[in-house]
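Per chain, numbering begins at 1; letters A, B, ... match sequence-line order. When reading the values below, keep in mind they use all heavy atoms of this one structure, side chains included, and skip hydrogens, waters and symmetry mates.
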2 protein chains.
Amino acid sequence: MSDIPATDARRYHHGDLSRALIDAARRLLEAEGQSALSLRAVAREAGVSPAAPYHHFKDKGELLDAVAQEGWTLLDAALVKAKAEAPDIHQALTELGVAYVCFARDNPALYRVMYDTAREKEALPERMQNGEDNSYSKVRDVLIEAGGDPNDSLDLELATSAAWCSAHGLAEMAGFKQFDHLKDACGGETAFFRAIFNHMGLAPRRR
Amino acid sequence: MSDIPATDARRYHHGDLSRALIDAARRLLEAEGQSALSLRAVAREAGVSPAAPYHHFKDKGELLDAVAQEGWTLLDAALVKAKAEAPDIHQALTELGVAYVCFARDNPALYRVMYDTAREKEALPERMQNGEDNSYSKVRDVLIEAGGDPNDSLDLELATSAAWCSAHGLAEMAGFKQFDHLKDACGGETAFFRAIFNHMGLAPRRR
DNA sequence: CAAGATATCTATGCGGCGTTAAGATAAAGT
DNA sequence: ACTTTATCTTAACGCCGCATAGATATCTTG
């Protein structure tokens, strides 16, 4: 899924330690999971002393913020791709949802860091606010193209939020063993995702 | 929301330390939040030495399991109450959802522990499996009463799972500041919850 | 009731954590 | 060349989860 560069330069002044730390963190996250992501372990992985990160990040939380940022960017890219590849506009919303859940499945630890840091500040990143050309707007635009009323902004926002909540809910649940037999019965994991989304009749009021 | 008894008995042999530890953990969780919930802090709160808990729980995880267990029981009770109070069967599903989200809002740290421990073992508690007279079945039964086909068990399970995912998704998101203005626009928090659930047209195939 | 067995708790210690403070070293500015 | 500044290291503090060994209270059996 990812190619996080390994760091090599081992001179005293590193060159770009913040970058190297973020990469190290993502490498650790992918290889060992969230519980292994200590600041000291990140420093070790990057080949510096335990205190070195503090010259680039105020504390551990700020490093995690940076990691989460990259996560949101990756998720955004996955949604762009999904929309572009959707066969028609009425399936586009489901395909966005499937792409979302697949991202969470393929980057479980990163996905967790993204929402953990968001919960810490009780706010999703700006990218997720109602705005132009961000992740949130991608879902909203699909809803409009599929027949939503662009003038009923409250209803549109509710529909967009509902879609996001649904996708997040499924993303968090899909990993549980309870659903294994349903995945089989549906004929595969993504078929299961689609079936679940079909049961959540996500739509705005019509124009 | 809760009445977690404070422990007093301070004799050498405590009497019921496991009980006292669980209560202490829940008290800490409510007062200080999840990050303050260390095993040592729980022992302090219960008035025993840091190593005492190990005679009643294998490790910290097992204590959290016990706390989570109580959480699921409380959630179950909230759902029973919501179903009993629902005006008619077609609103019952939404009311279950609202009750679910309100539980998460009122017990944020506990709710988090519940899902964190579940994720650790990649499985929700048995209570959540397809079965008789558990939390899962409460949602499923409402879907049947509302017109779902009791014989199409795959579809029923998908619909039940979809409802649960949606509720969980909203529960996790509702705390974010992003939604404050929507809550206002809807005329209150629970009205917002209802509006979101309305946009997720949760239903099984008809009989 | 006495005495040994058992359950429960304390004391101590290990390594790892996040974070801070003080000192070393390399690069940049004058 | 010399100073200044940015960057990194070393060392230390108080927390943490957890393991071990020893103390103390209750239970069991005579």
Side-chain angles (χ1 to χ4, degrees), chain A residues 6-29 31-68 109 112-113 116-117 119-121, chain B residues 6-29 31-68 109 112-113 116-117 119-121:
Chain A
T7 324
D8 42 12
R10 194 64 338 99
R11 44 197 190 292
Y12 192 97
H13 278 190
H14 183 285
D16 194 355
L17 185 54
S18 359
R19 180 70 263 149
L21 287 170
I22 296 172
D23 291 339
R26 289 193 44 203
R27 241 176 294 133
L28 272 177
L29 211 49
E32 318 273 349
Q34 195 184 12
S35 65
L37 193 65
S38 70
L39 196 58
R40 293 177 104 107
V42 172
R44 255 186 325 261
E45 169 78 20
V48 295
S49 80
Y54 287 90
H55 292 268
H56 301 268
F57 300 97
K58 184 176 130 287
D59 55 18
K60 184 186 180 183
E62 213 171 68
L63 171 57
L64 292 187
D65 279 359
V67 172
R112 199 111 287 289
V113 168
D116 281 356
T117 63
R119 199 166 22 244
E120 201 117 339
K121 41 181 97 151
Chain B
T7 324
D8 41 12
R10 196 63 337 100
R11 45 196 190 290
Y12 192 97
H13 277 190
H14 183 285
D16 194 355
L17 185 54
S18 359
R19 181 69 262 151
L21 287 169
I22 296 173
D23 291 339
R26 288 192 45 203
R27 240 176 296 133
L28 272 177
L29 210 50
E32 318 272 349
Q34 195 183 12
S35 64
L37 194 64
S38 71
L39 196 60
R40 292 174 105 107
V42 171
R44 255 187 324 261
E45 170 78 20
V48 295
S49 80
Y54 286 91
H55 292 267
H56 300 269
F57 301 98
K58 185 176 129 286
D59 55 17
K60 183 185 179 183
E62 213 170 65
L63 171 57
L64 292 187
D65 279 359
V67 172
R112 198 111 289 288
V113 168
D116 281 355
T117 64
R119 201 167 20 245
E120 201 118 337
K121 39 181 97 150

A:D59 side chain, from C-beta outward: closest of C:dC17, D:dT9, C:dT19: C:dT19

Interatomic distance, A:L17 CG vs D:dC8 C1' [rounded to whole Å]: 9 Å

The test is side chain to side chain contact (heavy atoms under 4.5 Å, CB included); show your working for A:D116 and A:Q34 and say whether it passes. CA-CA 11 Å; A:D116 281 356; A:Q34 195 184 12; 2.7 Å; yes

Roughly how many Å is it from CD in A:E45 to P in C:dC17, rounded to a whole number? 13 Å

From CD of B:E32 across to P of D:dC16 the rounded distance in Å is 12 Å

B:H56 side-chain N/O to C:dC9 phosphate OP1/OP2 under 4.0 Å: yes

B:F57 has an atom CZ; how far is it from atom P of C:dT8, in whole Å? 12 Å

Within this structure, what is the CG-to-P distance between A:L64 and C:dC17, rounded to whole angstrom? 14 Å

Can you identify which nucleotide, out of D:dG17, D:dT20, C:dG18, has its nearest atom closest to the B:S38 side chain? D:dG17

Nucleotide nearest B:A52 (side chain, heavy atoms from C-beta), chosen from C:dT10, D:dT9, C:dT19: C:dT10

Rounded to whole Å, please give me the gap between CD in A:E62 and P in C:dG18. 15 Å

Are the side chain of A:D59 and the backbone of A:E62 linked by a donor-acceptor contact shorter than 3.5 Å? yes

Among B:L64, B:I22, B:V42, which residue satisfies the side chain to side chain contact (heavy atoms under 4.5 Å, CB included) criterion with B:F57? B:I22

Non-hydrogen atoms of A:A43 and A:L21 that approach each other most closely: CA-CD2, 4.3 Å

Among D:dT7, D:dA12, D:dC18, find the nucleotide with the atom closest to the side chain of A:R40. D:dA12

Could you tell me the separation between the CD atom of A:Q34 and the P atom of C:dC17, rounded to a whole number of Å? 15 Å

Indicate, with a heavy-atom threshold strictly under 4.0 Å, whether B:S49 touches base, sugar-phosphate, or nothing. base

For B:A68, does its backbone N or O pair with a side-chain atom of B:D65 as donor and acceptor, under 3.5 Å? no

Is the phosphate of D:dC16, meaning OP1 or OP2, less than 4.0 Å from a side-chain N or O of B:R44? yes

Nearest-nucleotide check on DNA chain D, B:A51 vs A:H55; residue mapping nearer the 5' end is A:H55

What integer distance in Å separates B:L39:CG from C:dC17:P? 18 Å

